[in-house]
Number of protein chains: 2
Amino acid sequence: MAQETHSDTLTAAALTLKDIARQAGVSLATVDRVLHNRPGVRPDTVRRVREAIERNSFQPHVAAAELARGRARRFAFVMPSGPNPFMQQIQAYLGEMSAWLAARRLNVEMIATDVFDPSVLAASLEALSGDYDGVAVVALDHPGVRAAINDLVDAGTKVVTLVSDVPSSRRHHYVGIDNIAAGRTAGALVGRLVGGRAGKVAIVAGSQGLRDHAERIFGFNQVMASEFPDLSVLPVLEGRDEDERSEQLLARLFGRHADIVGLYNVGAGTQGVANALSKAARETVVFVGHDVTALTRRLLLQGVMDAAISQNPGHEARAAVRVLLALARGEPILREQEKIRIDIVMRDNLP
Amino acid sequence: MAQETHSDTLTAAALTLKDIARQAGVSLATVDRVLHNRPGVRPDTVRRVREAIERNSFQPHVAAAELARGRARRFAFVMPSGPNPFMQQIQAYLGEMSAWLAARRLNVEMIATDVFDPSVLAASLEALSGDYDGVAVVALDHPGVRAAINDLVDAGTKVVTLVSDVPSSRRHHYVGIDNIAAGRTAGALVGRLVGGRAGKVAIVAGSQGLRDHAERIFGFNQVMASEFPDLSVLPVLEGRDEDERSEQLLARLFGRHADIVGLYNVGAGTQGVANALSKAARETVVFVGHDVTALTRRLLLQGVMDAAISQNPGHEARAAVRVLLALARGEPILREQEKIRIDIVMRDNLP
DNA sequence: GGTGTTTTGAGGTACGCAACTCATTTTGAG
DNA sequence: CTCAAAATGAGTTGCGTACCTCAAAACACC
């Protein structure tokens with residue numbers, strides 16, 4: 001009979017701390033001291049215990065550790081106040097996880113604040129100190145905010161930045177996309193979808209002062225310059241993420257340029273952009289924007305928008321929670337899993 | 001002082017079974033019987049206990065339950081034998097999770113078998129009965145396989161189909177993409193990237209007998225017919241996922257048609273397709289294929305391929321494990337999280 | 001050798017639940 | 001009303017770890 005089947009095991013040796021103690025020739029108490037970096041153990045003994053752990057690739061049983069520590073963990077999500085659909089989605093996805101959170105005795109609190117005012121944000125963060133095991137924050141990159149984040153980290157709180165990073169701080173992790181790559185992707189899409197026509201490309205952003213918007217524009221221009229010489233990029237319109245303003249600026253631009261073939265909307269204000277397009281009867285303009293919301297979904301289906309660059313808010317919400325939990329438990333982070341992908345969404349792969 | 005901040009809690013009431021027992025006016029043992037559907041409880045009492053659980057939206061503490069059950073869980077992944085890069089990736093990603101698995105006392109075994117032979121696959125599945133808490137299988141849709149899956153389910157084993165579904169079986173979950181939507185997405189990409197030129201579009205598939213390939217072709221043709229009337233689709237070439245055969249078939253096709261503007265490679269054999277393109281000097285042909293491998297990555301960077309439809313093997317591997325675990329624990333599945341997205345990968349958003 | 005300090009051992013308790021036993025109460029059939 | 005069966009209560013044990021106390025041993029120093 002032919003051997004049709006081959007089996008291969010990823011087995012976990014079911015060792016316990018007691019086994020490690022025996023192998024290292026010490027007591028359970030000493031292993032415990034080593035494991036939690038508690039003082040009162042000779043360096044040589046520490047080494048012996050560590051070796052025993054290594055040798056058996058021992059992993060503490062997560063469930064037992066979780067049960068033994070008793071108290072529940074508290075996480076805070078510091079997010080922008082005001083009617084931001086993207087943030088509302090993140091909040092909604094956290095709500096969908098409530099059973100999952102409850103089963104793990106995790107308390108997640110949403111804290112809405114004015115994240116665009118550095119001093120207010122910094123104060124909000126400072127106020128959290130000591131009360132939480134982990135904090136996820138949509139942060140502005142500003143010295144005061146950076147200091148507040150570092151203070152939290154020093155106090156032992158795990159900190160992840162969400163959507164918008166503060167790379168200069170000592171935050172433990174960033175959950176969000178690479179905005180330069182997102183801009184490059186948008187550029188490639190606009191360039192390719194224009195299909196060889198020559199002409200001009202418009203950019204509408206919230207503000208070039210926002211780190212993520214600036215990075216997206218940078219990436220977009222990079223691709224335009226290097227790969228699509230037939231397309232010339234017009235100066236960036238700053239629509240402040242407001243519909244009316246975006247519409248007005250764009251209408252004026254359409255009036256001045258008859259040969260606009262592409263449009264990149266970096267931030268919000270999507271409805272205004274769509275209005276301007278339809279009033280100017282520029283249906284053939286390739287329109288690429290960000291995020292899948294009720295509005296962009298409709299525009300994609302109608303053919304008004306050609307593609308949306310999306311960063312899956314559900315994934316971001318869950319990744320933030322998982323990363324905070326892994327950090328709090330001292331578990332390794334599955335980088336591949338927690339990396340936020342840049343999704344290209346067109347009509348036929350709408351989620 | 002202005003109230004700048006608003007807080008909102010997703011709190012887990014930290015109730016225990018003891019609290020539920022007290023509220024329902026029964027003993028712990030009875031609650032336990034209800035919770036695990038054990039016999040010997042009057043319907044009326046069951047109702048009272050259930051109500052107490054509902055009322056408090058009680059969630060058993062996952063860690064405590066896990067610890068109490070004692071024995072580790074065993075999962076089996078039944079995958080194709082042979083050098084399939086996509087499957088090797090899945091296996092590699094499972095390897096990356098080994099610490100995660102070990103910390104949860106999960107044993108995952110890879111079982112390589114000839115999944116394309118229904119009787120062999122069915123026999124492999126039958127052989128697993130009773131030994132595993134969960135099975136993930138790359139399955140062929142065939143009556144024998146369907147019966148084997150149903151037998152496993154009846155024996156209490158949790159079963160998920162991976163990559164390729166058997167919808168007629170009673171498997172608990174399918175982890176993979178919607179292949180019709182994938183084909184539609186490929187069609188939309190080819191159509192859009194061709195950029196208004198008229199001409200013919202070639203399709204290379206492994207075999208139209210494979211469910212996933214057939215579905216992709218179906219979706220592709222759908223979009224072509226309805227949205228791109230200037231493009232006509234040529235008969236499908238069956239390359240059997242082999243490089244040489246795909247290259248030969250394609251070379252002959254190029255010889256007969258000078259006006260091919262697009263090409264959809266449904267399965268593997270990618271190197272052969274690329275060779276045929278380069279030898280025929282058809283650089284302007286829009287080439288869309290599937291999966292991000294070392295090869296397709298290179299072709300995308302070189303500009304030979306224009307886009308790849310990807311189904312993130314890492315996500316599939318992790319989702320399969322998470323789903324099996326949630327099923328085994330009786331936890332709800334986070335559908336949104338476990339849904340495999342159809343990723344459009346172009347040069348600038350290569351992962 | 002004695003003193004004080006550091007290191008280690010031994011042991012206990014608690015976490016919340018699963019799974020079990022055994023005694024007791026309730027129920028229903030005859 | 002009797003008796004068996006069904007339903008329930010009360011209790012125990014153990015899972016593997018965290019965290020704690022207290023005593024004993026080892027060590028350093030004078």
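Numbers restart at 1 for each chain; the letters A, B, ... are given by sequence-line order, proteins then strands.
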Protein proximity profile, nucleotides 11-23 of chain D - base contact B, sugar-phosphate-only contact S, no contact -, cut-off 4.0 Å on heavy atoms:
---BBBBSB----
What integer distance in Å separates A:Arg104:CZ from C:dC17:P?
14 Å
Using a 3.5 Å distance criterion without hydrogens, assess whether the side chain of A:Arg104 forms a donor-acceptor pair with backbone atoms of A:Trp100.
yes
Heavy-atom donor-acceptor pair, B:Arg48 side chain to B:Ala24 backbone, under 3.5 Å
yes
Without placing hydrogens or testing angles, list every side-chain donor-acceptor pair under 3.5 Å for residues 313-321 of chain A, not counting sequence neighbours.
residue	atom	partner	partner atom	Å
A:His315	NE2	A:Gln337	O	3.0

Test your reading of the model: is there a side-chain donor-acceptor pair from A:Arg69 to the backbone of A:Arg71, 3.5 Å cut-off?
yes
Across every strand shown, the nucleotide meeting Watson-Crick or G-U wobble geometry with C:dG30 (both distances under 3.5 Å) is D:dC1
May I ask you to evaluate whether A:Thr45 reaches the phosphate of C:dT8, defined as a side-chain N or O under 4.0 Å from OP1 or OP2?
yes
Pairs under 3.5 angstrom only: tabulate donor-acceptor contacts from the side chains of residues 149-156 of chain A to other protein residues two or more places apart or in another chain.
residue	atom	partner	partner atom	Å
A:Asn150	OD1	A:Arg170	N	2.8
A:Asp154	OD1	A:Arg170	NH2	2.4
A:Asp154	OD2	A:Arg170	NH2	3.2

Spatial distance of atom OH (B:Tyr93) from atom CD (A:Glu336) [nearest 0.5 Å]
4.0 Å
Stretch residues 20-27 of chain A: residues that reach within less than 4.0 Å of DNA chain C through a heavy atom:
A:Gly25, A:Val26, A:Ser27
At what distance, to the nearest 0.5 angstrom, does OG1 of B:Thr30 lie from CG of B:Leu35?
12.0 Å
Distances for protein N or O near nucleotides 24-26 of chain D N or O, under 3.5 Å:
none

The reported gap from OG in A:Ser98 to CD in B:Gln59 (rounded to nearest 0.5 angstrom) is 8.0 Å
May I ask you to decide if A:Ile53's main-chain N or O and A:Asn56's side chain share a donor-acceptor pair within less than 3.5 Å?
no
Separation of atom CG in B:Asp19 from atom P in C:dG16, rounded to whole Å:
9 Å
May I have the distance from B:Ile53 (atom CD1) to C:dC17 (atom P), rounded to whole angstrom?
10 Å
Would you find a donor on one side and an acceptor on the other, under 3.5 Å apart, between the side chain of A:Ser124 and the backbone of A:Val120?
yes
Listed partners of A:Asp131 passing salt bridge (Lys or Arg N to Asp or Glu O under 4.0 Å), at least two apart:
none
